[in-house]
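Numbers here are sequence positions counted from 1. In each ligand, atom 1 is the first atom listed, and ligand 1 is the first ligand listed.
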Amino acid sequence: MNIALIGYGKMGRIIERIASERGHQIALIIDENNRDEIGVDDLQEMDVAIDFSTPHAAIENIELCFEANLPLVVGTTGWYDHLEEIKEKCLQGNKTLLYGSNFSIGVNVFFHINKLLAKAMNPYKQYDVQVEEIHHTHKLDAPSGTAITIAEGIIDHIDEKSEWVNDLVGEGEEVVPKKHQLLIESHRIEEVPGTHTVLYSSEVDQIEFKHTAHSRSGFALGAVIAAEWLQGKEGFYAVTDMFDFNG
Ligand SMILES: NC(=O)C1=CN([C@@H]2O[C@H](COP(=O)(O)OP(=O)(O)OC[C@H]3O[C@@H](n4cnc5c(N)ncnc54)[C@H](O)[C@@H]3O)[C@@H](O)[C@H]2O)C=CC1
Ligand SMILES: O=C(O)C1=N[C@H](C(=O)O)C[C@H](O)C1
(Lines give C-alpha, C1' and ligand atoms only; values in the text may rest on other atoms or scores of the structure.)
(Ligands and ions follow the chains in the order given, each with its own letter.)
Protein backbone atom coordinates (compact mmCIF):
# COMPACT_ATOMS: atom_id res chain seq x y z
CA MET A 1 0.00 0.00 0.00
CA ASN A 2 1.00 3.63 -0.53
CA ILE A 3 0.50 5.19 2.90
CA ALA A 4 0.11 8.88 3.74
CA LEU A 5 1.37 9.25 7.30
CA ILE A 6 -0.31 12.18 9.07
CA GLY A 7 1.61 13.09 12.22
CA TYR A 8 5.31 12.22 12.39
CA GLY A 9 5.89 12.17 16.13
CA LYS A 10 6.42 9.30 18.58
CA MET A 11 3.77 7.10 16.93
CA GLY A 12 4.32 8.21 13.33
CA ARG A 13 7.96 7.19 13.41
CA ILE A 14 7.22 3.68 14.75
CA ILE A 15 4.40 3.22 12.22
CA GLU A 16 6.84 4.19 9.44
CA ARG A 17 9.22 1.39 10.53
CA ILE A 18 6.55 -1.28 10.96
CA ALA A 19 4.75 -0.40 7.70
CA SER A 20 8.06 -0.67 5.78
CA GLU A 21 8.81 -4.05 7.44
CA ARG A 22 5.38 -5.25 6.22
CA GLY A 23 6.18 -4.23 2.62
CA HIS A 24 4.31 -0.91 2.43
CA GLN A 25 5.57 2.46 1.18
CA ILE A 26 5.34 5.62 3.23
CA ALA A 27 4.64 7.74 0.16
CA LEU A 28 3.85 11.01 1.98
CA ILE A 29 4.58 12.37 5.45
CA ILE A 30 2.41 15.22 6.73
CA ASP A 31 3.09 17.00 10.00
CA GLU A 32 2.71 20.47 11.45
CA ASN A 33 5.64 21.77 9.36
CA ASN A 34 4.10 21.05 5.94
CA ARG A 35 0.37 20.60 6.68
CA ASP A 36 -0.56 24.02 5.25
CA GLU A 37 1.00 23.11 1.89
CA ILE A 38 -0.90 19.81 1.51
CA GLY A 39 -4.04 19.66 -0.64
CA VAL A 40 -6.32 17.04 -2.18
CA ASP A 41 -4.03 16.61 -5.23
CA ASP A 42 -1.14 15.44 -3.03
CA LEU A 43 -3.26 12.50 -1.81
CA GLN A 44 -4.29 11.14 -5.23
CA GLU A 45 -1.69 8.35 -5.44
CA MET A 46 -2.31 7.10 -1.86
CA ASP A 47 -4.18 3.93 -0.85
CA VAL A 48 -4.76 4.91 2.78
CA ALA A 49 -3.87 7.59 5.35
CA ILE A 50 -2.91 6.90 8.97
CA ASP A 51 -3.42 9.84 11.35
CA PHE A 52 -1.57 10.02 14.67
CA SER A 53 -1.45 13.80 15.05
CA THR A 54 -3.05 15.96 17.75
CA PRO A 55 -6.59 16.22 19.16
CA HIS A 56 -6.86 19.70 17.62
CA ALA A 57 -5.54 18.73 14.15
CA ALA A 58 -7.45 15.46 13.70
CA ILE A 59 -10.75 16.91 12.47
CA GLU A 60 -9.18 18.98 9.66
CA ASN A 61 -7.07 15.99 8.64
CA ILE A 62 -10.13 13.74 8.51
CA GLU A 63 -11.95 16.32 6.39
CA LEU A 64 -9.02 16.58 3.97
CA CYS A 65 -9.01 12.79 3.49
CA PHE A 66 -12.79 12.78 2.98
CA GLU A 67 -12.38 15.47 0.33
CA ALA A 68 -9.71 13.36 -1.39
CA ASN A 69 -11.83 10.17 -1.08
CA LEU A 70 -8.91 8.57 0.75
CA PRO A 71 -9.71 5.86 3.33
CA LEU A 72 -8.13 6.66 6.68
CA VAL A 73 -7.23 5.13 10.01
CA VAL A 74 -7.43 7.58 12.91
CA GLY A 75 -5.42 6.73 16.03
CA THR A 76 -5.43 10.27 17.38
CA THR A 77 -7.48 10.64 20.56
CA GLY A 78 -9.12 13.68 22.20
CA TRP A 79 -11.54 14.54 19.33
CA TYR A 80 -14.41 12.23 20.27
CA ASP A 81 -16.79 15.14 21.04
CA HIS A 82 -17.03 15.36 17.22
CA LEU A 83 -17.44 11.61 16.66
CA GLU A 84 -21.16 11.63 15.73
CA GLU A 85 -20.75 14.57 13.32
CA ILE A 86 -17.77 12.86 11.61
CA LYS A 87 -19.63 9.55 11.43
CA GLU A 88 -22.56 11.27 9.70
CA LYS A 89 -20.26 13.03 7.18
CA CYS A 90 -18.50 9.75 6.49
CA LEU A 91 -21.65 7.75 5.88
CA GLN A 92 -23.51 10.46 3.96
CA GLY A 93 -20.54 11.08 1.67
CA ASN A 94 -19.73 7.36 1.17
CA LYS A 95 -16.26 7.87 2.69
CA THR A 96 -14.14 5.38 4.64
CA LEU A 97 -12.78 5.82 8.16
CA LEU A 98 -11.66 3.46 10.94
CA TYR A 99 -10.92 4.95 14.35
CA GLY A 100 -9.75 3.54 17.65
CA SER A 101 -8.61 4.83 21.01
CA ASN A 102 -6.15 1.93 21.19
CA PHE A 103 -4.95 -0.39 18.40
CA SER A 104 -3.05 -2.93 20.53
CA ILE A 105 -4.43 -6.47 20.53
CA GLY A 106 -3.98 -6.71 24.31
CA VAL A 107 -6.11 -3.64 24.96
CA ASN A 108 -8.82 -4.82 22.58
CA VAL A 109 -9.00 -8.11 24.51
CA PHE A 110 -9.08 -5.96 27.66
CA PHE A 111 -12.04 -3.92 26.26
CA HIS A 112 -13.93 -7.20 25.70
CA ILE A 113 -13.22 -8.67 29.16
CA ASN A 114 -13.94 -5.29 30.79
CA LYS A 115 -17.55 -5.50 29.57
CA LEU A 116 -17.93 -9.13 30.74
CA LEU A 117 -16.50 -8.16 34.15
CA ALA A 118 -18.89 -5.20 34.44
CA LYS A 119 -21.86 -7.49 33.65
CA ALA A 120 -20.68 -9.94 36.33
CA MET A 121 -20.19 -7.19 38.93
CA ASN A 122 -23.45 -5.32 38.30
CA PRO A 123 -25.58 -7.24 40.89
CA TYR A 124 -23.00 -6.66 43.66
CA LYS A 125 -23.73 -3.11 44.78
CA GLN A 126 -21.21 -3.30 47.65
CA TYR A 127 -18.44 -2.77 45.04
CA ASP A 128 -17.69 0.70 43.72
CA VAL A 129 -15.80 0.90 40.43
CA GLN A 130 -13.20 3.35 39.13
CA VAL A 131 -10.73 3.56 36.23
CA GLU A 132 -7.11 4.69 36.48
CA GLU A 133 -4.80 5.60 33.60
CA ILE A 134 -1.11 6.51 33.65
CA HIS A 135 0.65 8.14 30.67
CA HIS A 136 3.80 10.12 29.86
CA THR A 137 3.91 13.84 30.63
CA HIS A 138 3.80 14.86 26.90
CA LYS A 139 0.21 13.64 26.53
CA LEU A 140 -2.15 16.46 25.45
CA ASP A 141 -5.51 14.89 26.35
CA ALA A 142 -6.95 13.63 29.64
CA PRO A 143 -8.49 11.25 30.25
CA SER A 144 -6.89 8.96 27.66
CA GLY A 145 -9.08 7.78 24.81
CA THR A 146 -8.55 4.22 26.03
CA ALA A 147 -9.84 5.14 29.50
CA ILE A 148 -12.95 6.68 27.90
CA THR A 149 -13.61 3.46 25.93
CA ILE A 150 -13.16 1.42 29.13
CA ALA A 151 -15.49 3.78 31.04
CA GLU A 152 -18.15 3.53 28.31
CA GLY A 153 -17.96 -0.28 28.52
CA ILE A 154 -18.55 -0.09 32.28
CA ILE A 155 -21.36 2.50 32.09
CA ASP A 156 -23.19 0.28 29.56
CA HIS A 157 -23.33 -2.57 32.11
CA ILE A 158 -23.24 -1.08 35.63
CA ASP A 159 -26.72 0.32 36.38
CA GLU A 160 -25.49 2.73 39.07
CA LYS A 161 -23.09 4.58 36.73
CA SER A 162 -24.46 6.88 34.04
CA GLU A 163 -21.51 9.17 33.19
CA TRP A 164 -17.76 9.44 33.73
CA VAL A 165 -15.86 12.27 35.41
CA ASN A 166 -12.13 12.92 35.17
CA ASP A 167 -9.58 13.82 37.83
CA LEU A 168 -6.18 14.73 36.39
CA VAL A 169 -4.15 14.25 39.55
CA GLY A 170 -1.97 17.26 40.40
CA GLU A 171 -4.03 19.66 38.24
CA GLY A 172 -6.60 21.79 40.08
CA GLU A 173 -8.80 20.58 42.91
CA GLU A 174 -9.40 16.90 43.57
CA VAL A 175 -12.59 15.71 41.84
CA VAL A 176 -14.93 13.78 44.15
CA PRO A 177 -17.37 11.76 42.02
CA LYS A 178 -21.11 11.57 42.80
CA LYS A 179 -22.62 8.10 43.17
CA HIS A 180 -23.81 7.97 39.54
CA GLN A 181 -20.41 9.14 38.24
CA LEU A 182 -17.59 6.79 37.26
CA LEU A 183 -14.25 8.31 38.26
CA ILE A 184 -11.40 8.19 35.73
CA GLU A 185 -8.24 9.11 37.60
CA SER A 186 -5.43 10.30 35.27
CA HIS A 187 -1.75 10.35 36.26
CA ARG A 188 1.08 11.85 34.20
CA ILE A 189 4.48 10.25 34.96
CA GLU A 190 7.67 10.72 32.90
CA GLU A 191 7.77 8.31 29.89
CA VAL A 192 5.02 5.76 30.75
CA PRO A 193 3.64 4.46 27.35
CA GLY A 194 0.15 3.65 28.74
CA THR A 195 -1.24 1.77 31.76
CA HIS A 196 -4.96 1.24 32.41
CA THR A 197 -6.56 -0.31 35.49
CA VAL A 198 -10.18 -1.02 36.44
CA LEU A 199 -10.75 -1.34 40.19
CA TYR A 200 -13.80 -2.77 41.94
CA SER A 201 -13.51 -2.01 45.67
CA SER A 202 -15.66 -3.14 48.59
CA GLU A 203 -15.08 -2.88 52.33
CA VAL A 204 -13.63 -6.40 52.39
CA ASP A 205 -11.64 -6.70 49.16
CA GLN A 206 -10.60 -5.26 45.79
CA ILE A 207 -10.48 -6.62 42.23
CA GLU A 208 -7.84 -5.06 39.95
CA PHE A 209 -7.90 -5.59 36.18
CA LYS A 210 -4.86 -4.04 34.53
CA HIS A 211 -3.17 -3.60 31.12
CA THR A 212 0.40 -2.31 30.90
CA ALA A 213 1.94 -1.35 27.54
CA HIS A 214 5.71 -1.96 27.61
CA SER A 215 6.26 0.19 24.49
CA ARG A 216 4.32 1.85 21.64
CA SER A 217 5.02 -0.98 19.15
CA GLY A 218 1.72 -2.79 19.83
CA PHE A 219 -0.28 0.37 19.05
CA ALA A 220 1.69 0.97 15.84
CA LEU A 221 1.44 -2.61 14.56
CA GLY A 222 -2.32 -2.56 15.21
CA ALA A 223 -2.70 0.66 13.22
CA VAL A 224 -0.86 -0.80 10.19
CA ILE A 225 -2.98 -3.98 10.38
CA ALA A 226 -6.09 -1.74 10.54
CA ALA A 227 -4.98 0.06 7.35
CA GLU A 228 -4.53 -3.33 5.63
CA TRP A 229 -7.95 -4.50 6.90
CA LEU A 230 -9.61 -1.34 5.54
CA GLN A 231 -8.53 -1.99 1.93
CA GLY A 232 -11.57 -2.51 -0.32
CA LYS A 233 -14.03 -1.50 2.43
CA GLU A 234 -16.33 1.52 2.56
CA GLY A 235 -18.02 3.01 5.63
CA PHE A 236 -17.41 3.99 9.23
CA TYR A 237 -15.62 1.47 11.47
CA ALA A 238 -14.27 1.20 15.01
CA VAL A 239 -11.13 -0.83 15.71
CA THR A 240 -13.34 -3.30 17.62
CA ASP A 241 -14.93 -4.27 14.27
CA MET A 242 -11.63 -5.99 13.38
CA PHE A 243 -11.91 -8.48 16.25
CA ASP A 244 -14.27 -11.39 16.88
CA PHE A 245 -13.79 -12.65 20.42
CA ASN A 246 -16.81 -14.94 20.28
CA GLY A 247 -15.67 -17.07 17.33
N1 LIG B 1 -5.02 4.76 19.13
C2 LIG B 1 -3.86 4.34 19.64
O3 LIG B 1 -3.56 3.13 19.70
C4 LIG B 1 -2.87 5.36 20.11
C5 LIG B 1 -3.20 6.69 20.02
N6 LIG B 1 -2.28 7.64 20.33
C7 LIG B 1 -2.68 9.02 20.08
O8 LIG B 1 -2.02 9.46 18.89
C9 LIG B 1 -1.78 10.86 18.93
C10 LIG B 1 -0.31 11.14 18.63
O11 LIG B 1 0.49 10.59 19.63
P12 LIG B 1 2.09 10.79 19.60
O13 LIG B 1 2.66 10.28 18.35
O14 LIG B 1 2.55 10.25 20.89
O15 LIG B 1 2.20 12.39 19.62
P16 LIG B 1 3.43 13.31 19.20
O17 LIG B 1 3.23 14.61 19.89
O18 LIG B 1 4.71 12.60 19.40
O19 LIG B 1 3.22 13.52 17.63
C20 LIG B 1 2.21 14.34 17.10
C21 LIG B 1 2.58 14.70 15.67
O22 LIG B 1 1.49 15.43 15.10
C23 LIG B 1 2.03 16.42 14.25
N24 LIG B 1 1.06 17.48 13.99
C25 LIG B 1 0.75 18.58 14.74
N26 LIG B 1 -0.19 19.31 14.11
C27 LIG B 1 -0.47 18.65 12.95
C28 LIG B 1 -1.35 18.90 11.87
N29 LIG B 1 -2.14 19.99 11.83
N30 LIG B 1 -1.41 18.00 10.86
C31 LIG B 1 -0.62 16.91 10.86
N32 LIG B 1 0.24 16.63 11.86
C33 LIG B 1 0.31 17.48 12.88
C34 LIG B 1 3.26 16.92 14.99
O35 LIG B 1 4.14 17.56 14.08
C36 LIG B 1 3.82 15.59 15.51
O37 LIG B 1 4.66 15.04 14.53
C38 LIG B 1 -2.27 11.31 20.31
O39 LIG B 1 -3.59 11.80 20.18
C40 LIG B 1 -2.29 10.02 21.13
O41 LIG B 1 -3.21 10.04 22.18
C42 LIG B 1 -1.04 7.32 20.78
C43 LIG B 1 -0.68 6.02 20.93
C44 LIG B 1 -1.57 4.93 20.61
O1 LIG C 1 -0.99 9.43 24.03
C2 LIG C 1 -0.60 8.25 24.16
O3 LIG C 1 0.59 7.96 24.31
C4 LIG C 1 -1.61 7.18 24.09
N5 LIG C 1 -2.80 7.49 23.73
C6 LIG C 1 -3.90 6.60 23.55
C7 LIG C 1 -5.01 6.97 24.51
O8 LIG C 1 -5.27 8.18 24.69
O9 LIG C 1 -5.67 6.08 25.02
C10 LIG C 1 -3.51 5.16 23.57
C11 LIG C 1 -2.34 4.80 24.44
O12 LIG C 1 -2.78 4.62 25.75
C13 LIG C 1 -1.20 5.78 24.35
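With 3.5 Å as the limit, one finds a donor-acceptor pair spanning the side chains of D51 and N61. Between the side chains of D205 and Y200, not a single donor N or O lies within less than 3.5 Å of an accepting N or O. Remark: the S101 side chain and the T77 side chain contain no N/O donor-acceptor pair separated by less than 3.5 Å. For the residue pair S186 and E133, a side-chain donor N or O sits within less than 3.5 Å of a side-chain acceptor on the partner. Side-chain contact annotation: N102 with N108, donor-acceptor N/O pair under 3.5 Å absent.
Compare A57, P193, A213 by their heavy atoms: the one nearest to atom 29 (N) of ligand 1 is in A57. Ranked by closest heavy atom to atom 10 (C) of ligand 2, the top entry among G194, G145, S101, S144 is S101. Nearest-heavy-atom check against atom 10 (C) of ligand 1 across S53, G7, G9 picks out S53.
Residue contact check: T77 has heavy atoms under 4.0 Å from atoms 39 (O), 40 (C), 41 (O) of ligand 1. Those atoms of ligand 1 with a heavy atom of G75 less than 4.0 angstrom away are 1 (N), 2 (C), 4 (C), 5 (C), 6 (N), 7 (C), 8 (O). Those atoms of ligand 2 that come under 4.0 Å of a heavy atom in N102, given as number and element, are 10 (C), 11 (C), 12 (O). Within the listing of ligand 1, atoms 21 (C), 37 (O) sit less than 4.0 angstrom from a heavy atom of Y8. Counting atoms of ligand 2 from 1 in the listed order, those under 4.0 Å from a heavy atom of H196 are 12 (O). Applying the 4.0 Å criterion to heavy atoms of I6 picks out, from ligand 1, the atoms 31 (C). Heavy-atom proximity to T54, at under 4.0 Å, picks out these atoms of ligand 1: 25 (C).
At least one heavy atom of P193 sits under 4.0 Å from some atom of ligand 2. In this structure, G78 does not count as a contact residue of ligand 1, since none of its heavy atoms falls inside 4.0 Å of the ligand. Residue H136 places every heavy atom at 4.0 Å or more from ligand 1.
You'll find the ring centres of H135 and H196 inside the 6.0 Å limit. The aromatic ring centres of F243 and F111 sit 6.0 Å or more apart.
Aromatic ring pairs are classed by plane angle as parallel below 30°, tilted from 30° to 60° and perpendicular above 60°; the pair F209 and F110 is parallel.
The protein atom (non-hydrogen) at minimum distance from atom 3 (O) of ligand 1 is F103 N, 2.9 Å. With respect to atom 30 (N) of ligand 1, the closest heavy atom belonging to the protein is N61 ND2, 3.4 Å. Here the heavy atom of the protein found nearest to atom 26 (N) of ligand 1 is E32 CB, 3.6 Å. With respect to atom 17 (O) of ligand 1, the closest heavy atom belonging to the protein is K10 NZ, 3.7 Å. Scanning all protein heavy atoms for the shortest distance to atom 12 (O) of ligand 2 gives H135 NE2, 2.6 Å. When hydrogens are left out, the protein atom nearest atom 9 (O) of ligand 2 is T146 OG1, 2.5 Å; that is the closest non-hydrogen contact. Of the protein's non-hydrogen atoms, S101 O, 3.4 Å is the one closest to atom 2 (C) of ligand 1. The protein atom (non-hydrogen) at minimum distance from atom 32 (N) of ligand 1 is D31 CA, 3.4 Å. The protein heavy-atom contact nearest to atom 4 (C) of ligand 1 is F52 CE2, 3.5 Å. The protein non-hydrogen atom at the shortest distance from atom 11 (O) of ligand 1 is M11 CG, 4.1 Å. In terms of protein heavy-atom proximity, atom 1 (O) of ligand 2 is closest to K139 NZ, 2.8 Å. Here the heavy atom of the protein found nearest to atom 3 (O) of ligand 2 is H136 NE2, 2.7 Å.
Residue contacts with ligand 1, taken as heavy atom pairs separated by less than 4.0 Å, involve R35 solely via side-chain atoms from C-beta onward. Within the 4.0 Å heavy-atom criterion, neither part of S144 lies near ligand 1. Heavy atoms of K139 found under 4.0 angstrom from ligand 1 belong exclusively to the side chain. Heavy atoms of D51 found under 4.0 angstrom from ligand 1: none, in either backbone or side chain.
Within a 6.0 Å radius of CD in E45, other residues, nucleotides and ligands contribute 12 heavy atoms or fewer. Remark: K119 NZ is loosely packed, at most 12 non-hydrogen atoms of other residues, nucleotides or ligands lying under 6.0 Å away. The 12-atom threshold is not exceeded at NZ of K210, counting heavy atoms of other residues, nucleotides or ligands nearer than 6.0 Å. For I189, the CD1 atom counts as densely surrounded, since its 6.0 Å shell holds more than 12 non-hydrogen atoms of other residues, nucleotides or ligands. With a 6.0 Å radius and a threshold of 12 heavy atoms from other residues, nucleotides or ligands, K10 has its NZ atom above the threshold. Atom NZ of K139 has more than 12 neighbouring heavy atoms from other residues, nucleotides or ligands inside a 6.0 Å radius. In H82, the NE2 atom is crowded: over 12 heavy atoms of neighbouring residues, nucleotides or ligands sit closer than 6.0 Å.
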* Q206 and S201: CA distance, side-chain angles, deciding distance, side chain to side chain donor-acceptor pair (under 3.5 Å) verdict -> CA-CA 4 Å; Q206 177 165 283; S201 308; 2.8 Å; yes
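Put simply, the side chain of I207 does not reach to within 4.5 Å of the side chain of L199, judged on heavy atoms.
An N or O contact shorter than 3.5 Å is missing between F219 and ligand 1 by distance.
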